[in-house]
Asker: 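Take a look at the following structure, please.
Chain naming here is simple, since letters A, B, ... match the order of the sequence lines and numbering starts at 1 in each. All of these numbers come straight from a predicted model, not from anything done at the bench.
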There are 2 protein chains.
Amino acid sequence: MNPQNRGMNLTQQVADTLGSAIITGKYGEHNPVPSEAVLCEQLKVSRSAAREAVKSLAAKGLLTSRARQGIRVLPESEWNLFDADVLRWMRESNPSLELLREFAELRVAVEPQAAMLAAQRQNSEKISQIGSALNRMKQAESGLDDPLEADIAFHLSILDASENRFFSQLGRIIDTTLRVSIRFTNMRTGVRAGNHHEHKQIYDAIVANKPEEAAKNASLLMDNALAIIVAALKEGVK
Amino acid sequence: MNPQNRGMNLTQQVADTLGSAIITGKYGEHNPVPSEAVLCEQLKVSRSAAREAVKSLAAKGLLTSRARQGIRVLPESEWNLFDADVLRWMRESNPSLELLREFAELRVAVEPQAAMLAAQRQNSEKISQIGSALNRMKQAESGLDDPLEADIAFHLSILDASENRFFSQLGRIIDTTLRVSIRFTNMRTGVRAGNHHEHKQIYDAIVANKPEEAAKNASLLMDNALAIIVAALKEGVK
DNA sequence: ATATCGTATTTATCTGATAATATTGATGTT
DNA sequence: AACATCAATATTATCAGATAAATACGATAT
């Protein structure tokens, strides 16, 4: 089993190794998931631990288990990609610049709409949090704050200011994935400091109660991020 | 326990009642989730069943359970709304036209982008499936098919044709929720048959390889759906 | 060939016991 | 009085083993 014992209890460890193995494609038609009994033997854990791990993964759409039928991996279309664990396993298994592109396409759709809603809703408290994040980005230019964290905080605060539970929710997933994505795009573009200005334009439009403009400015930013990834894909970078 | 014995095994039943109870707000600060032992007693199930159900709900972000700490409901921000079960429990518990609005806002963001990507990707097989769904909608006008199912099939096929796993994935959630949402909007607008034409314009743009136009046409449709819900909210309809 | 039925395999469920863990209150120290 | 340390205790975690239920598969009969 993976030596990721950091605070994880046994069933979580089992779920982690199993989930990872499934997503890596280790199991399939020719090589089905072993039975509960065999699983216990292989991983040296009790049935409780194994079964509870299986239940976790079933809840995430990775597999089913039924009497006499055994444990079956579900088709990828059933996997819940909007689950932090599943997404992590996918990132860790597939190098998948591809996944990053698909994720960027989602952000292109979602973030402008979130910015628009934030401008419409005008929740002053949450808008001020966008402002704080923007300040952090400014500070980061002089090395007084972490640019990556500041950038992430900015995007999350916009999603939150949209006052839409689905968008806020996406924030949590975007959080973990941005840590990979932003690092990548910054690597490609050389961490231009100009970023701050483009972000400020989104913030200004939201403060000014201009939904359309906020959406448009957010679109520009997102399109750029996507374009960088697409360019890398065309070059055959992995 | 809920008498939803339809094919569900015991742990699934426990997870269902517990999940539903959590989302209904039955448990909170003043009224924490009972301990494993008490839970077993109340529901008249063994520890295995209870524990496995808890693991399921933990995987969906509804609760955590740790030794000596007991079972704790997580804040709503942790609940995975992009999970079919969680979403169903929310629909069943809260009347929540509010939730419908937030969901519509998500669709406004996602579907135009999906239509755009579908037009770009030009996967002929998947585009022909959009065509089939459109035909079904046409047939439905003469009562030869179910208009609701046809409508849903249309939107799902577009998401699928985007060849983006996140969008496809959203399809499964949209599926269940559309059955409520479309019914509602149709109820409000009197099931206008004109729907077919607006859908056809999206399809035509995709076939014609016109991404921008496809997105624009999809936007119009989505904005309408959202507007109906917003109007109802303003009138105080629940 | 098809339908029926029995058998065997696998998960489902129950029970009981021990271990690990973290809360809480007691105790002692500064 | 405030704070660190430690022991007691309640709760989940993990293990072990047994029985029940479900269903895939093959045998049998029509």
Side-chain angles (χ1 to χ4, degrees), chain A residues 1-19 22 27-74 78 85, chain B residues 1-19 21-22 27-74 78:
Chain A
M1 193 158 4
N2 236 342
Q4 299 251 350
N5 292 352
R6 28 143 223 186
M8 282 175 125
N9 64 27
L10 192 53
T11 77
Q12 286 170 327
Q13 288 175 48
V14 173
D16 192 67
T17 50
L18 241 188
I22 288 173
Y27 302 116
E29 295 300 319
H30 52 296
N31 183 27
V33 181
S35 74
E36 204 176 277
V38 175
L39 220 47
C40 295
E41 222 176 86
Q42 287 183 352
L43 302 177
K44 308 246 197 310
V45 300
S46 71
R47 286 191 61 207
S48 325
R51 286 184 55 80
E52 287 169 17
V54 165
K55 291 299 181 229
S56 282
L57 298 181
K60 294 175 187 298
L62 294 193
L63 50 80
T64 59
S65 88
R66 292 175 65 185
R68 174 64 226 237
Q69 188 178 80
I71 301 168
R72 287 184 180 175
V73 174
L74 290 175
E78 296 294 318
D85 292 320
Chain B
M1 196 158 0
N2 235 342
Q4 300 250 352
N5 292 354
R6 30 143 221 188
M8 284 175 126
N9 64 26
L10 191 54
T11 75
Q12 286 170 327
Q13 289 174 48
V14 173
D16 192 68
T17 48
L18 241 188
I22 288 173
Y27 302 116
E29 295 300 320
H30 51 297
N31 184 28
V33 181
S35 74
E36 202 177 277
V38 176
L39 220 48
C40 295
E41 223 176 85
Q42 286 182 354
L43 302 177
K44 309 246 197 309
V45 299
S46 71
R47 287 190 60 206
S48 328
R51 284 185 55 81
E52 286 170 16
V54 165
K55 290 296 182 250
S56 282
L57 299 182
K60 294 175 188 298
L62 294 194
L63 50 78
T64 59
S65 88
R66 294 175 66 184
R68 174 62 227 237
Q69 188 177 80
I71 301 169
R72 287 185 181 174
V73 175
L74 290 175
E78 295 297 315

Asker: Nearest to the side chain of A:Arg51 - C:dT11, D:dT14, C:dA22?
Answerer: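 Output: C:dT11.
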
Asker: Nearest whole angstrom, please: distance from the P of D:dT23 to the CZ of A:Arg72.
Answerer: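 Result: 11 Å.
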
Asker: Hey, is CD on B:Glu41 packed in by over 12 heavy atoms from elsewhere, all under 6.0 Å?
Answerer: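 For B:Glu41, atom CD is not crowded (no more than 12 foreign heavy atoms under 6.0 Å).
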
Asker: How long is the line joining CE of B:Met8 and P of C:dA12, in whole Å?
Answerer: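 Taking atom P of C:dA12 as the reference, CE of B:Met8 is at 14 Å.
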
Asker: Between A:Gln69 and C:dT10, does any side-chain N or O lie under 4.0 Å from OP1 or OP2?
Answerer: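 The answer is no; no side-chain N or O of A:Gln69 sits under 4.0 Å from OP1 or OP2.
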
Asker: Just to be sure I understand the geometry, which residues of residues 30-38 of chain A put a non-hydrogen atom under 4.0 Å away from DNA chain C?
Answerer: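 Residues of residues 30-38 of chain A under 4.0 Å from DNA chain C: A:Ser35, A:Glu36.
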
Asker: Please determine if a side-chain N or O atom of A:Ser46 lies less than 4.0 Å away from the OP1 or OP2 oxygen of D:dC15.
Answerer: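 Answer is yes, contact under 4.0 Å.
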
Asker: Please state how far atom CZ in B:Arg66 lies from atom P in D:dT12, giving the value in whole angstrom units.
Answerer: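 Those two atoms, CZ and P, are 13 Å apart.
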
Asker: Can you tell me which nucleotide in C:dA20, D:dC15, C:dA12 comes closest to the side chain of A:Ala49?
Answerer: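 For A:Ala49, the side-chain atoms sit closest to D:dC15.
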
Asker: Side-chain contact, heavy-atom cut-off 4.5 Å: A:Leu18 with A:Leu39?
Answerer: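 SC-SC contact between A:Leu18 and A:Leu39 confirmed.
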
Asker: Please report, rounded to the nearest Å, how far the C1' atom of D:dT12 is from the CD atom of B:Glu52.
Answerer: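 Those two atoms, CD and C1', are 15 Å apart.
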
Asker: Nearest whole angstrom, please: distance from the C1' of C:dA12 to the CD1 of A:Ile71.
Answerer: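 So the CD1-C1' distance, A:Ile71 to C:dA12, works out to 12 Å.
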
Asker: So, the side chain of A:Gln12 versus the backbone of A:Asn9: is there a donor-acceptor pair under 3.5 Å, distance only?
Answerer: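 Checking the backbone N and O of A:Asn9 against the side chain of A:Gln12, a donor-acceptor pair under 3.5 Å is found.
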
Asker: For A:Ser65, which contact category applies under a 4.0 Å heavy-atom criterion: base, sugar-phosphate, or nothing?
Answerer: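 Contact class for A:Ser65: sugar-phosphate only.
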
Asker: Would you kindly give the CD-to-P distance between B:Glu41 and C:dC14, to the nearest whole Å?
Answerer: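 Between P of C:dC14 and CD of B:Glu41: 14 Å.
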
Asker: Taking NZ from A:Lys44 and C1' from D:dT14, how many angstroms apart are they, rounded to a whole number?
Answerer: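 Going from NZ in A:Lys44 over to C1' in D:dT14 covers 17 Å.
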
Asker: When you get a sec, tell me which of C:dT24, D:dT14, C:dA12 is the closest nucleotide to the side chain of B:Arg68?
Answerer: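 Ranking C:dT24, D:dT14, C:dA12 by closest atom to the B:Arg68 side chain puts C:dT24 first.
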
Asker: Work out which heavy atom in B:Ser65 is nearest to a heavy atom in B:Lys55; give both atom names and the distance.
Answerer: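 Shortest heavy-atom separation between B:Ser65 and B:Lys55 comes out as OG-NZ, 3.9 Å.
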
Asker: In whole Å, what is the span from the CZ atom of A:Arg47 to the P atom of D:dA16?
Answerer: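 Rounded to whole Å, this separation is 12 Å.
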
Asker: Going by the side chain to side chain contact (heavy atoms under 4.5 Å, CB included) test, name the single residue among A:Leu74, A:Leu62, A:Thr64, A:Val33 that passes it with A:Leu57.
Answerer: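 Of all the options given, the one that passes is A:Leu62.
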
Asker: If you check the B:Ala67 side chain, which of D:dA22, D:dT14, D:dT12 turns out closest?
Answerer: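 Selected nucleotide: D:dT12.
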
Asker: What pair of heavy atoms forms the shortest contact from A:Thr11 to A:Ala53, and how long is it?
Answerer: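 Looking at all heavy atoms of both residues, the shortest contact is O-CB, 3.6 Å.
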
Asker: Return the minimal non-hydrogen interatomic distance between A:Arg47 and A:Cys40, and the atom names on each side.
Answerer: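 Scanning both residues, the minimum pair turns out to be CA-SG, 3.6 Å.
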
